[in-house]
Amino acid sequence: MEEFDTQLQELRRGTVVLACLQLLRGAGYGYSLLEQLGDHGFSTDANTLYPLLRRLEKQGYLTSEWNTEEARPRKFYRTSLDGIRLADALTTEWRSLTTAIASLTKEEH
Amino acid sequence: MTATLTERYISATIRSLKPELQDDVRAELEALIADAIEARTDQGEAADEAEREVLSELGDPGLLAAGYADRPLHLIGPKYYLTWWRLLKLLLWIVPVCVVGAVLLGQLLSGAEVGESLVQALAIGLQVAVHLVFWTTLVFVVLERTGADTGMKWDVDQLPEVQEDGAGRSELIASLVFLAIAAVAVVWDAVRGFFPTGGEPIAILNPGLWPWWIGALFGLMVLEAVFAFALYAQRRWTTALAALNTVLALLFAAWVLVLLLGGELVNPEFLSFIAQAGGEEFAAGNADAAGNGGVFRILAVLLGFGIAIGVGWDIADGWRKAVRERRVARV
C-alpha cells in the first residue's frame with residue numbers, strides 16, 4: 001500500500017478530528033486518547049494529535065481541565081456542546097459519503 | 001546536574017511559544033511524555049531507552065511548537081503565492097530594464113566607454129533585481145503571518161485576450177507601407193531635401209554614402225519586404241523566420257551604428273547649416289554641452305540607443321512569437 005501513501009493520508013485527514021470528538025464525549029487525556037485511537041484503528045502520530053487537541057479547544061469544540069488528584073497532574077479534554085454538534089454533522093457527512101462511494105461501485109457492475 | 005533529555009526536549013518546544021501558553025504546554029507535555037515512557041517501561045524496556053524512543057517519536061520540537069502555535073511551516077502559502085508571483089514577474093519585467101536603460105544612457109551621455117557603461121548598468125540592474133525580489137517577498141511573508149487580505153480577487157474579466165501572432169495580412173501591409181515610406185524618404189532627402197535652405201537642397205544623410213552604403217540600405221529594405229511576404233506566406237512565426245528576422249535586424253543595426261560611430265551617417269554640411277541657423281543660442285547650448293562632447297554627440301548617443309533598443313525588441317519579439325507557436329503546435 002506504500003505507493004498510495006499520499007492519497008491515503010489525504011483521505012484520512014479529518015477523520016482524526018471526528019474520532020477525537022467522539023472518543024472525548026467521555027473525558028480523556030492525551031496519552032490515553034492516543035492509545036484509544038490506535039485501538040480503534042486510527043493510527044495517529046503524537047506530534048499531530050497534541051497540537052490538534054489544543055486547536056479544537058481554542059475553536060471551542062473541546063473543553064479542558066487539569067486533574068491534580070492523582071500523582072501525575074494531567075490535562076483532561078471533553079467534547080463541548082458545539083463539539084457534539086460538529087461530531088454529529090461530520091458523522092452525517094461520513095454516512096452520505098459512504099452511500100455515495102457505494103453507489104459508484106454499484107454502477108460499475 | 002545536567003538536564004534530562006525530556007527537560008531539554010520540552011524547553012526546546014515551548015521556547016518559541018507565547019509566554020501565557022508556555023507553562024500549560026510544559027505541564028501537559030511532562031505528563032504526556034511520562035505516560036508514554038511508563039507504557040514502555042511497563043513492557044520491560046529500560047527507562048533511558050524508553051525516553052529516547054518516546055522523544056524520537058515526538059519528532060523535531062520545532063515542528064511540534066509550530067503545531068501548538070498554529071504557525072505556518074512555509075514562507076508563502078497558496079493564499080498569497082499567485083499574487084506574489086504575478087507581482088514579482090511584473091516588477092522584474094519593468095524595473096530592472098528601465099534602470100539598466102537609464103544608467104546606460106546616463107553613462108554614454110557622460111562620455112563613458114560603451115563596454116564599461118554596459119558592465120556598470122548590468123551590475124546595477126542585477127542589484128535592483130535582487131532588492132526587488134527580497135523586499136517583495138518580505139512583504140508577502142509578513143502578509144502570510146498576519147493573515148491580511150491583499151484585496152486581489154480573480155474574475156473572468158481578467159482573462160487575457162487570445163494573442164494575435166503578428167503574421168496576418170495587416171502586418172504584411174504595415175511592413176510594406178513602412179518600407180515604402182522609408183525608401184521614398186531616403187531618395188527625397190537626397191534629391192529635394194526636407195526643409196527650405198534658401199538655395200541648394202542639403203541632404204540629412206551624408207551624400208558620400210551614395211551609391212554603395214545607400215545601395216546596401218535599399219538592399220536591406222528589399223530583404224525586409226521579402227521577409228514580410230515569407231512571414232505572410234507561412235502564416236506563423238517559425239524558428240527559421242525568427243533567425244532570419246534576427247539577422248536582418250542585426251544587419252540594419254550594424255549599418256546605422258558603424259556609420260554613426262564613424263561620424264559618417266549625417267551630412268557634415270547639414271550639421272554646420274544647423275549650427276549656423278541656430279545662431280548664438282545654439283552656440284551657447286553647444287558650449288554648455290561641451291563636457292559631454294557637444295549637442296550632436298548627445299543626439300548621436302540617443303539615436304544609437306534608440307536603434308539598439310528598437311532592434312533588440314524586434315529580435316526578442318520574433319523569438320517570443322516563434323516559441324509560442326511551437327508550444328501551441330505541440331499541444
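Naming convention: chains lettered A, B, ... in sequence-line order (proteins, then strands); numbering from 1 in each chain.
- Remark: B/A230 engages B/L241 in a side-chain contact (heavy atoms from CB on, under 4.5 Å) (not counting sequence neighbours).
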Pull every donor-acceptor pair under 3.5 angstrom between chain B and chain A and give the atom names with distances.
residue, atom, partner, partner atom, Å
B/D24, OD1, A/W66, NE1, 2.9
B/D24, OD2, A/R54, NH1, 2.9
B/D24, OD2, A/R54, NH2, 2.8
B/D24, OD2, A/K75, NZ, 2.6
B/E28, OE1, A/R54, NE, 3.1
B/E28, OE1, A/R54, NH2, 2.6
B/E28, OE1, A/Y77, OH, 3.4
B/E28, OE2, A/Y77, OH, 2.7
B/D35, OD1, A/R72, NH1, 2.8
B/D35, OD1, A/R74, NE, 3.3
B/D35, OD1, A/R74, NH2, 2.6
B/D35, OD2, A/R74, NE, 2.9
B/E38, OE2, A/R72, NH1, 3.4
B/E38, OE2, A/R72, NH2, 3.0
B/L58, O, A/N47, ND2, 2.9

Cut-off 3.5 Å, no hydrogens considered: what does the side-chain donor-acceptor table look like for residues 81-88 of chain B, sequence neighbours left out?
residue, atom, partner, partner atom, Å
B/W84, NE1, B/T137, OG1, 3.2

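- Exactly one of B/V95, B/L91, B/V100, B/L92 qualifies for a side chain to side chain contact (heavy atoms under 4.5 Å, CB included) with B/V128. That residue is B/V95.
- Looking at every heavy atom in both residues, A/C20 comes nearest to A/L49 through SG-CD1, 3.6 Å.
- Take B/W313 and apply the side chain to side chain donor-acceptor pair (under 3.5 Å) test, not counting sequence neighbours, and it matches no residue.
- Between chain A and the residues B/G59, B/G67, B/A39, B/A36, the largest count of heavy-atom pairs under 4.5 Å involves B/A36.
- Comparing B/L32, B/V54, B/I33, B/L63 by heavy-atom pairs within less than 4.5 Å of chain A, the highest count is held by B/L32.
- Scanning both residues, A/A87 and A/L18, for their nearest heavy atoms gives O-CD1, 3.6 Å.
- Separating the CD1 atom in B/I315 from the CZ atom in B/R320 is a distance of 14.5 Å, to the nearest 0.5 Å.
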